[in-house]
2 protein chains.
Amino acid sequence: MSPTIKDVAKAANVSIATVSLVLHDNERISPETKRRVLKSIKELNYYPFRSAQGLVSRKTGNIGFIITEEHFLRTEPFYTRVFLGAEFEARENDYYVLLATIKSSFKKSDPLPRFILERNFDGIVITGKVPEAFIKSLLKYKMPIVFIDYVPPFGDFPSVLIDNLRGGVLATEHLINNGYKDIAFIGGEISHPSIMERLQGYKLALERANNNSNGLIVTNDEYLTRQNGYKLAKELFDRRKDITAIFAANNPTAMGVMKYLTDNGKKIPDDVSIMSFDDVEAAMLINPPLTTIRVPKVEMGIEAVQLLMKIQKYNGKNNIAKKIIVPVELVIRESIKNIN
Amino acid sequence: MSPTIKDVAKAANVSIATVSLVLHDNERISPETKRRVLKSIKELNYYPFRSAQGLVSRKTGNIGFIITEEHFLRTEPFYTRVFLGAEFEARENDYYVLLATIKSSFKKSDPLPRFILERNFDGIVITGKVPEAFIKSLLKYKMPIVFIDYVPPFGDFPSVLIDNLRGGVLATEHLINNGYKDIAFIGGEISHPSIMERLQGYKLALERANNNSNGLIVTNDEYLTRQNGYKLAKELFDRRKDITAIFAANNPTAMGVMKYLTDNGKKIPDDVSIMSFDDVEAAMLINPPLTTIRVPKVEMGIEAVQLLMKIQKYNGKNNIAKKIIVPVELVIRESIKNIN
DNA sequence: TTATTTCAGTTAAACGTTTAACTGAAAATA
DNA sequence: TATTTTCAGTTAAACGTTTAACTGAAATAA
């Protein structure tokens, strides 16, 4: 049996209230008593029992981490790294993280993850695009929510977002700087704000460079998979055979494009240069390694939990829907040939 | 404020004890009363408060899921899928899963994950190879443990393991059936039981086929990474330039081998055939897609949690260290050429 | 000096649930 | 009929912690 607060109190010859106060760093306790209590705590290897704490304090000590099953199982460990960051920061704040996946086909009538139904969480982090029906169900619980890499089309929520616009600009400028003029943009899921912003960045950079590379945007609204990248590349080259530079909206898309190119006898980067977005390991390991815009994944998880902690602290008041934009960075590898 | 058991009792006009008994399906309650109570529960959308339950029942409702940080962040979502299976099965049993990563450099003096220190779990699943020092620290807590894809070199623990031996046999036989005689085995981390067993399977299949392909086993004890695969492939071809069939001990290794081959002008599978192990998505997406031994990852997670539940149930008595061996399966793709 | 304030704790109620022990009515048994 | 057993619940204690309200001694103020 684990020691309880009573055992500590007895050992330190104080009341259990004193032990509790020491545990919460209350200034009412003298240094000497505090020392004695802490000594007993250590000697007995005492840790407060969460359930008992939760019962009285009405805090659970849990934060939820929600992600669609599809995202969680993606080949690229993108959101996995985000989770790791969240878990790290939660631990720093004495919280546990409960991870739950939901289907991207979530309907209003579907049951919410158990820890939500049971109200066994103090706040929640939602990562990636999730169904609106899910968010609406969740809102009834009136719990703090932080979104990562996605903002729902309604309401105004605290969120941690990627600087997609700047990423799009950086990516496009790099291609321009390497001597390209006709630059194609390839991307699925165009209704996703992140992809839309990358496209905006692409357009902005072209404008700034007075580059008039029209009609080379090939998109649809299907998932950003390798298969879709392949399909979109085919579409692109069916329309324009002369393209030599492509900005692919994310990593799997870039890989699909590459597969299409090699299948059709084109060499990368000798015949076609490719710029990608996200920077997951696969980008580095493929041949040739992809030049890409890197997104700080672990940091996003950390930021999200920190934001959640702040929202909890100022609960109610000072309740600004704060948005944090994390920076991106250009990582140069071998998928782009300088033709200057 | 969420409704409590009191609210339900009042609504159904019974005592709180009756509500509790209904919740636990006690046969002491008449069907009529039970119906009434369940109706109130539903109407009020009542869920028992975990902390209160935990306080009296001394169960936390959590199970821990431990994995090294290195494994969790691997490019291949191998253990991620295992986790998903565990989470799914835990939910079925009304448990939460607390995921915690530890460093593979864990030392005796390092702190354990918080939920362990706080005893906030009813059992634990350990996935992949973890440091012995960690296991030894954990044992002091005398909690049920189930290992996945690893058994520590000491003690006898319940575990869910891959049928590596059969996998090794299947893989090697497939190469033999495709006309190969001189078959190389490449693998790192040779002290890991799983890899050792795959090697044993390889040897066994060769023996059975009266194939005498000696001196073609190239191993070391470094991690099973792409880099190491590359290195080992170099070592192999430095010694024997004529090898045309390779069995790589896992997926990254196979990819490293492939990279070495293409870097050295060899075509796959025309010049060299490659067999792999694990079957993660990457195996399918690489060019050419890898023929491989598939491991049922999600099922391993499910089995592990089921085993943990059983151990808890028969707590103490009937305490057999049960081992579950999950089957593997051959998945034929395009990395092996039939030369018969 | 006495009265007031500060200090350093202690006391006791409360949180929501489970469950052993109890109860009173109805049914079964003698 | 009187007694015992079964049924269908109820009562009340317990779990480990937090915290508002209290206390008694020492320090300060009047």
Side-chain angles (χ1 to χ4, degrees), chain A residues 1-41 44-62 94 96 114-115 117-122, chain B residues 1-41 44-62 94 96 114-115 117-122:
Chain A
M1 209 55 217
S2 325
T4 72
I5 200 170
K6 260 188 206 162
D7 302 316
V8 176
K10 200 171 292 175
N13 201 27
V14 294
S15 72
I16 62 165
T18 303
V19 178
S20 180
L21 292 173
V22 168
L23 242 27
H24 291 85
D25 246 336
N26 190 302
E27 77 287 343
R28 204 149 81 234
I29 307 300
S30 74
E32 156 58 12
T33 307
K34 186 169 174 179
R35 203 195 46 70
R36 223 171 59 241
V37 171
L38 287 175
K39 184 159 164 277
S40 298
I41 288 176
L44 292 172
N45 193 30
Y46 164 76
Y47 287 88
F49 191 47
R50 282 253 173 175
S51 297
Q53 289 187 309
L55 184 54
V56 38
S57 72
R58 316 257 51 191
K59 290 257 166 245
T60 66
N62 300 328
D94 278 12
Y96 297 148
R114 285 187 358 92
F115 71 83
L117 293 174
E118 299 177 351
R119 291 191 144 75
N120 210 335
F121 67 110
D122 301 330
Chain B
M1 208 55 221
S2 325
T4 73
I5 200 170
K6 260 188 206 164
D7 302 317
V8 176
K10 201 171 295 175
N13 201 26
V14 293
S15 73
I16 62 164
T18 302
V19 178
S20 181
L21 292 172
V22 168
L23 243 25
H24 291 87
D25 245 337
N26 191 302
E27 76 287 343
R28 204 147 81 233
I29 307 299
S30 73
E32 157 58 12
T33 307
K34 185 168 171 176
R35 203 195 49 70
R36 222 171 60 243
V37 171
L38 287 175
K39 183 159 164 279
S40 298
I41 286 176
L44 293 171
N45 193 30
Y46 165 76
Y47 287 89
F49 192 47
R50 282 254 174 176
S51 297
Q53 289 186 308
L55 184 55
V56 37
S57 72
R58 316 258 49 192
K59 291 256 166 245
T60 65
N62 300 328
D94 277 12
Y96 298 147
R114 285 186 359 93
F115 72 82
L117 293 174
E118 298 178 350
R119 290 191 146 76
N120 210 334
F121 67 110
D122 301 331

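Per chain, numbering begins at 1; letters A, B, ... match sequence-line order.
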Whole-Å distance, K6(B) NZ to dA12(D) C1', equals 13 Å
With the side chain defined as heavy atoms from C-beta on, I16(B) is closest, among dT18(D), dG16(C), dT17(C), to dT17(C)
Taking for E32(B) and for A52(B) the nucleotide of DNA chain D with the nearest heavy atom, the one nearer the 5' end belongs to E32(B)
Look at the side-chain N and O atoms of Y47(B) and state whether any lies under 4.0 Å from the OP1 or OP2 oxygen of dT17(C). no
Donor-acceptor pair present, R50(B) side chain and dT17(C) base, under 3.5 Å
no
Winner on side-chain proximity to S30(B), out of dG16(D), dT17(D), dA8(D), is dA8(D)
Note to self: Is Q53(A) close enough to dG16(D) that one of its side-chain N or O atoms is under 4.0 Å from OP1 or OP2 there?
What the structure shows: no
Winner on side-chain proximity to I5(A), out of dG16(C), dT18(D), dT10(C), is dT18(D)
| query | Closer than 4.0 Å, any side-chain N/O of S15(B) to the OP1 or OP2 of dT10(D)? | reply | yes
Phosphate contact (dA8(D) OP1 or OP2) by T18(B) side-chain N/O below 4.0 Å: no
Hey, does D25(A) have a side-chain heavy atom less than 4.5 Å from the side chain of K34(A)? yes
Checking dT18(D), dT17(C), dT17(D) against the side chain of F49(A) (C-beta onward), the nearest is dT17(D)
Practice prompt. Have a look at S51(B) and say if it touches a base, only the backbone sugar-phosphate, or nothing, with a 4.0 Å heavy-atom cut-off.
Written response: nothing
- Message: Should the side chain of R58(B) and the base of dT18(C) be counted as holding a donor-acceptor pair, with the cut-off at 3.5 Å?
- Response: no
- Message: Please tell me if S57(A) has a side-chain N or O lying less than 4.0 Å from either OP1 or OP2 of dC15(C).
- Response: no
Does the side chain of I41(A) reach to within under 4.5 Å of the side chain of L23(A), using non-hydrogen atoms? yes
With the side chain defined as heavy atoms from C-beta on, S20(B) is closest, among dT17(D), dT10(C), dT19(C), to dT19(C)
